[in-house]
Amino acid sequence: MADKQTILIVDDSEMNRAILADMLGNEFAILEAENGSEGVAMLQRHGTEISLVLLDIVMPVMDGFGVLNLMNKYHWIEDIPVIMISAERGSSHIERAFELGITDFISRPFDALIVHRRVVNTILLYAKQKRLTAMVADQIIEKERQSSLMIDILSHIVEFRNGESGMHVRHVHTLTETLLKALVQKTDKYHLSQEDIAIISTASALHDIGKIAIPEEILNKPGRFTDEEFAIMKTHSMVGAEMLEALPFYQNEPLVKAAYQICRWHHERWDGRGYPDGLKEDEIPISAQMVALADVYDALTSERVYKPAFSHDQAVNMILNGECGTFNPLLMDCLRDCADEILVELNTDNVEGRNRREMQNVARELHKHEELNASERTLELLEHERMKYSFFASLTKEIQFEYTVTPPSLLLSTWGAEKLGLPETMMEPYQDSQARARISDSDLENLADMLHSTTPGNPVVTYDCKLPVEGEERWHRIIARASWSSEEPPRYIGCIGKALDIHSSRLQLENLEQEASHDALTGLINRAYARKRICERLADRPAGRYALAILDLDYFKSANDTYGHMFGDQVLKFLAERMRRSIRGGDIAARVGGDEFLIFLEYKDDLESTIEGIYNRVNGGVYEDFKISVSMGVASTEIVDGEYETLFRCADEALYVVKNSGKGHYSYYHKEHAHVGGDISAVSPIDGADEAGEAEDKEEKA
């Protein structure tokens, strides 16, 4: 689905869905839903993949207007265009649909060329909009990354002289941001916007820049300061403020103003006993108050030359008990409320945590560009997908990996890294002795050659080799997908993949293949897999003579209504078993969907006797009290060309002739007319269900 844009078709008519899928399936990936409720579920599940929705109006469970109402409620309509396709032509319906945000309206019956052209035009229009949004988002993300990089560099520079790790500045940034968000949730007293929080959090990185002017012997003194030393140490707040005040530019920038307040006053105290100006209570800017609290917490929980580190709980209790000076009571409430969150944020103050914050900043920035029409839900979905990938990767118990060429780096899933005994992230993995010890040079070279030999249209490779897992060498199957740049000519830029333990996963893979290719109820192959196999047969022996038959179980609705759906399921299984026994080993039998089935066969001379034999073995008889009656349409390559889509459509037209002439027989497709076979008088619905059958006929014709 990743190589093609995806279209969701929401229509209660399986025939309409099949026709649209046949029209568009060669160019687009198709998802199908048989009512509005299923369509909404598809949008929820595949929202980021879907490029267009083709939506019917009149449907059971939830109609098209219900779908549009929900798409508007959750802002999906802003990202996913909708074309309404319906036989309803009343102006009120069309007007209402456009008011709810559809992009186009196509009436049934529809022309294939018109449908295709309108679909392509709509997708191209939205693709341009998405590209513009992506360009802006990339620029914002790059800006956020550069800001984060500068904070890291500054952290190292500021902390370098006093022998600390450089994480103090990063921790103060995270703590300030977390506490400010908690404060905004608790009160609007300080009128802080999301932009204010971002500015204060970034400016917090500068809170100790004045320490550059403090002599190193004082900064790194292991014992208590003398009065003279403490007086010198206290000057760092004013020195930092003066450095900012002396800047020849950017004095009116909010970031510089916030940084000045923080540098000068982050050692002031709520009771007025701080320095350098002896401010008290809300004379102290809230930015400086918050950084002061963050600074004290991190100082307590970090090891210093003059003390060991306290635990998180100890530090919080010491601050709340007033052992570290007095603070704004509102800030104490915030600390109490988000103490657990602080611990989580500091433990995840890594690439993942920064990516999450960058995504939130991107969402805020894009909201300033209303012309881009980018909803926050799209960004939330991207973040959700990232979290979902990380979560599922931990559950699959697979060695998952991602490799990039520039810069050369290897990222392993947490589970995979533990099993291989490697770090999750490795730069220059080809030069890493630990990584090279896990896979032989020949296997690594072979895998690299295979990946470089792929193309953007055929990017997946499979390779078997031995890997040492927990000290034991086991055979693994590496399945990898190469990544190629969008430039011309394409350039290999890396790969993603996973390594499966072949022994433990073989049965699981077989089960997955069975589920993907077979109908769960009847055990016959499903429509998609049948199409694949039939196309392969037609391609392998293009000169052969083939026939495709579509079967429909008559009066099945009456069976469900009279005996219940569980009984109906048993009837379908009964018919499927009859089909299995009625065909030869090389023939194909499949469930198309609902009460429709398919048979594909190759023949040499007498097709009519073959079809008659199959029909007689499938049709007739009784399952408990329900008499089996089957209608069937047949198309052969003697009459139409040997394409699967053509055979399916013509067999379906022949079936339509049968359904309109009384059911219970079969018909061959002819270009001029349909040849009818079978004994119409053999039709035998369930006892007492003739009237229901007639009503069902009328309903299906309508």
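Start at 1 with the first residue, then count along the sequence.
Judged as a ring pair (Phe, Tyr, Trp, His ring centres under 6.0 Å), and not counting sequence neighbours, F28 has no contacts.
Checking D606 against S609 by side-chain atom types alone, a donor-acceptor pair falls below 3.5 Å. No side-chain donor-acceptor contact under 3.5 Å links S558 and D561. In the model, Y669 has no side-chain atom that pairs as donor or acceptor with a side-chain atom of D652 under 3.5 Å. S661 and H665 form a side-chain donor-acceptor contact under 3.5 Å, judged by distance and modelled atom types alone. Between T454 and W484, the side chains place a donor N or O and an acceptor N or O closer than 3.5 Å (distance only, hydrogens not considered).
Salt-bridge formation is detected for the pair D552/K659: a Lys NZ or Arg NE/NH1/NH2 atom is positioned less than 4.0 Å from an Asp or Glu carboxylate oxygen. A salt bridge links R477 with D464: the closest approach of a Lys/Arg side-chain nitrogen to an acidic carboxylate oxygen falls below 4.0 angstrom. Salt-bridge formation is not detected for the pair E596/R527: no Lys NZ or Arg NE/NH1/NH2 atom is positioned less than 4.0 Å from an Asp or Glu carboxylate oxygen. The pair R649-E653 counts as a salt bridge, with a side-chain nitrogen and a carboxylate oxygen less than 4.0 angstrom apart. A salt bridge links E577 to R580: at least one charged side-chain nitrogen sits closer than 4.0 Å to a carboxylate oxygen.
Counting heavy atoms from C-beta on, the side chains of L24 and I30 come closer than 4.5 Å. At a threshold of 4.5 Å between non-hydrogen side-chain atoms, the residues V82 and I77 count as touching. Residues E638 and Y603 form a side-chain contact, since some pair of their non-hydrogen atoms from C-beta on lies under 4.5 Å apart. Within the 4.5 Å cutoff, no side-chain heavy atoms of L55 are placed close to those of I83. Counting only heavy atoms from C-beta outward, the side chains of L524 and L598 never approach each other to under 4.5 Å. You'll find the side chain of W475 stays beyond 4.5 Å of the side chain of D501, heavy atoms only. Contact check for I599 versus I588: no side-chain heavy atoms found under the 4.5 Å cut-off. Contact check for L467 versus E473: no side-chain heavy atoms found under the 4.5 Å cut-off.
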Decide side-chain contact (heavy atoms from CB on, under 4.5 Å) for E34 and R17; before the verdict, give the C-alpha distance in whole Å, the side-chain angles of both, and the deciding distance to 0.1 Å. CA-CA 8 Å; E34 63 181 23; R17 298 198 306 272; 3.4 Å; yes
Checking F567 against Y623 for the ring pair (Phe, Tyr, Trp, His ring centres under 6.0 Å) test, could you report, in this order, the C-alpha distance in whole Å, the side-chain angles of both residues, the deciding distance, and whether it holds? CA-CA 10 Å; F567 177 85; Y623 178 79; 5.6 Å; yes
Step-by-step side-chain contact (heavy atoms from CB on, under 4.5 Å) determination, I525 to D519: CA-CA 6 Å; I525 63 174; D519 175 57; over 6 Å; no
What verdict does the side-chain contact (heavy atoms from CB on, under 4.5 Å) test give for I85 and I57, after you've listed the backbone C-alpha separation in whole Å, the side-chain angles of each residue and the deciding distance to 0.1 Å? CA-CA 8 Å; I85 295 186; I57 293 180; over 6 Å; no
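The OG1 atom of T522 sits 9.5 Å away from the NZ atom of K573 when rounded to the nearest 0.5 Å.
By the 30° and 60° cut-offs, the orientation of the rings of Y668 relative to Y666 is perpendicular.
Contact record, D554 with S631: OD1-OG, 2.8 Å, taken as the closest heavy-atom pair. Residue M632 comes nearest to L655 through the heavy atom pair N-CD1, 3.8 Å, listed as atom of the first residue, atom of the second, then distance. Across all their heavy atoms, S582 and I614 have their closest contact at O-CG1, 3.6 Å. What you find for V618 and I628 is that their closest heavy atoms are O-CG2, 3.9 Å. The two residues M84 and A97 have their closest heavy-atom pair at CE-CB, 3.9 Å. Of all heavy-atom pairs spanning V461 and M450, the tightest one is CG1-O, 3.7 Å.
Under a cutoff of 6.0 Å and an axis angle of 45°, K498 and F401 do not form a cation-pi pair.
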